[in-house]
Amino acid sequence: MNIFQRNAKKLVILATIAGAASVVFIRLIETNQMVMGFYRLGFAVIMFSVPIILGGYKDFKGLTKKDVLYCVLAGFFLFCHFTCWFTAVKNTTIASAAVLASLHPLVILLVTYVFMKQKVNVRAIVGILIALSGGAVIAGFDYSFTRNDIFGDACGLLTAVFFGFYFLVGSKMRSKIPNINYVFLVFGSCWVFFTIAMFVTGTPFTGYRPIDYFWIFAMAVVCQLIAHAMYNWCMGYASSLYVSVWVAIDPVFSAAFGVVFFHELPAIWQYIGGAIAIAGLVYYNWAESK
């Protein structure tokens, strides 16, 4: 086991912080969600095509049609997740969008326990619920029921649903396919779905501010390369529930970015919620170690 494998759980934390930074880029970019997704995934595919060209293509030979279909399905869920996430951050507060998006562990637990009939550690469930309740407290008094906020909140909930399904497919395929190949197939599929969506919605491919292209590229490097790609790699060495709980703590980091870059100062209950969420995470880690 190399140094990266031994520190997989620490890399999950780094990936979480990088993923939370997406709220900054989304707020800075003035294009719609389809353009953001098309270019973000386009840049990501280019990045990950390099190791494939250099020799990783050999690992594709053992893939079955079923494996490829699962990767395409994961790409579709990721497409839906990104579309809803971009829309949520644009239409509601950062804290609200992040908290609602962090509810995806409940989707994982529901599918794992009810449909897959797998046993789940009760203490781990308690830890997840504590972490999620802390996240809910962060934005619990932040909802203002205007038309945009309600729409943004609904998109935040859908973000969680699609992210949960994306993680479930990823945990199934990560043990069968080398990380770089899996990521390339998933990101490539997601980019194809965004390309189709661009045509369907009649969205122009060009004509945007040069700074928008720069921010999208930066978002691809930070959020796609460091966050999502690292999440996929870590799922081979850490449980999907462990990874998902760290993602659930995302509202704490997102709120911090909101303070630093957009002066969205958290209220006292949001500080309390952050403490509760971290306590839940610590309890979950203890429960998993048992």
Side-chain angles (χ1 to χ4, degrees), residues 16 19-23 25-27 32-34 36-37 40 73-115 125 127-171 190 193-194 197 223 227-228 231 240-241 243-255 257-258 264 266-267 269-270 273-274 276-277 280-281:
T16 302
S22 66
V23 298
F25 296 114
I26 294 171
R27 286 285 184 89
N32 65 25
Q33 63 270 30
M34 294 304 168
M36 278 191 280
R40 171 174 171 171
L73 180 63
F76 173 73
F77 287 140
L78 190 61
F79 158 75
C80 295
H81 161 75
F82 280 141
T83 301
C84 294
W85 173 238
F86 296 155
T87 306
V89 175
K90 289 284 191 180
N91 288 275
T92 190
T93 63
I94 288 176
S96 296
V99 168
L100 291 170
S102 73
L103 297 178
H104 62 272
L106 297 180
V107 177
I108 296 174
L109 281 174
L110 179 66
V111 175
T112 300
Y113 181 73
V114 177
F115 296 100
I125 294 176
I128 289 175
L129 293 178
I130 293 174
L132 291 175
S133 65
V137 170
I138 292 176
F141 298 94
D142 194 38
Y143 298 106
S144 54
F145 294 98
T146 63
R147 183 176 179 180
N148 281 353
D149 284 320
I150 293 175
F151 176 64
D153 294 344
C155 288
L157 285 172
L158 289 175
T159 299
V161 172
F162 289 121
F163 201 57
F165 286 125
Y166 166 67
F167 257 79
L168 285 169
V169 177
S171 62
C190 185
F193 285 118
F194 268 113
C223 305
H228 281 267
Y231 279 142
S240 60
L241 279 177
V243 176
S244 67
V245 169
W246 263 109
V247 180
I249 214 72
D250 175 272
V252 176
F253 298 110
S254 297
F257 282 123
E264 290 188 8
W269 60 80
Q270 292 175 311
I276 294 174
L281 182 62

Worksheet item: Measuring from Leu78:CG to Phe167:CZ, what's the distance to the nearest 0.5 Å?
Response: 10.0 Å
Discussion item. Would you compute the distance between atom CZ of Arg40 and atom CZ of Phe82 and round it to the nearest 0.5 angstrom?
Written reply: 4.0 Å
Fill in: Residue among Phe162, Phe163, Phe193 satisfying side chain to side chain contact (heavy atoms under 4.5 Å, CB included) with Phe77
Phe162
Worksheet item: Got a second to check how far Ser22's OG is from Asp250's CG, nearest 0.5 Å?
Response: 7.0 Å
Item to complete: Measure the spacing between CE of Met36 and OG1 of Thr83 and express it to the nearest 0.5 Å.
Response: 9.5 Å
Item to complete: Can you label the angle between the Trp85 ring and the His81 ring as parallel, tilted or perpendicular, going by 30° and 60°?
Response: parallel
Discussion item. Tell me whether Phe25 at atom CZ has more than 12 heavy atoms from other residues, nucleotides or ligands lying less than 6.0 Å away.
Written reply: yes
Worksheet entry | Non-hydrogen side-chain atoms of Ser133 and Ile276 separated by less than 4.5 Å | yes
Response to the item:
Between Asn91 and Gly152, the two heavy atoms sitting closest are CB-CA, 3.8 Å
Discussion item. For a quick test of reading the model, state the closest non-hydrogen atom pair linking Ala88 to Gly156 and the distance between them.
Written reply: CB-N, 3.7 Å
Discussion item. With rounding to the nearest 0.5 angstrom, report the CG to OG1 distance, Asp153 to Thr159.
Written reply: 10.5 Å
Worksheet item: Going from CZ on Phe257 to CZ on Arg27, what distance comes out if it is rounded to the nearest 0.5 angstrom?
Response: 14.0 Å
Worksheet, complete the sentence: Phe253 and Ala20 have their tightest heavy-atom pair at CB-CB, 3.5 Å
Item to complete: Over all heavy atoms of both residues, which pair between Phe79 and Met34 is shortest? Give the atoms and the distance, please.
Response: CE1-SD, 4.5 Å
Worksheet item: Which atoms form the tightest heavy-atom contact between Val169 and Ala74, and what is the distance?
Response: CG1-CB, 3.7 Å
Worksheet entry | Nearest heavy-atom neighbours spanning Cys155 and Thr87 | SG-CG2, 3.6 Å
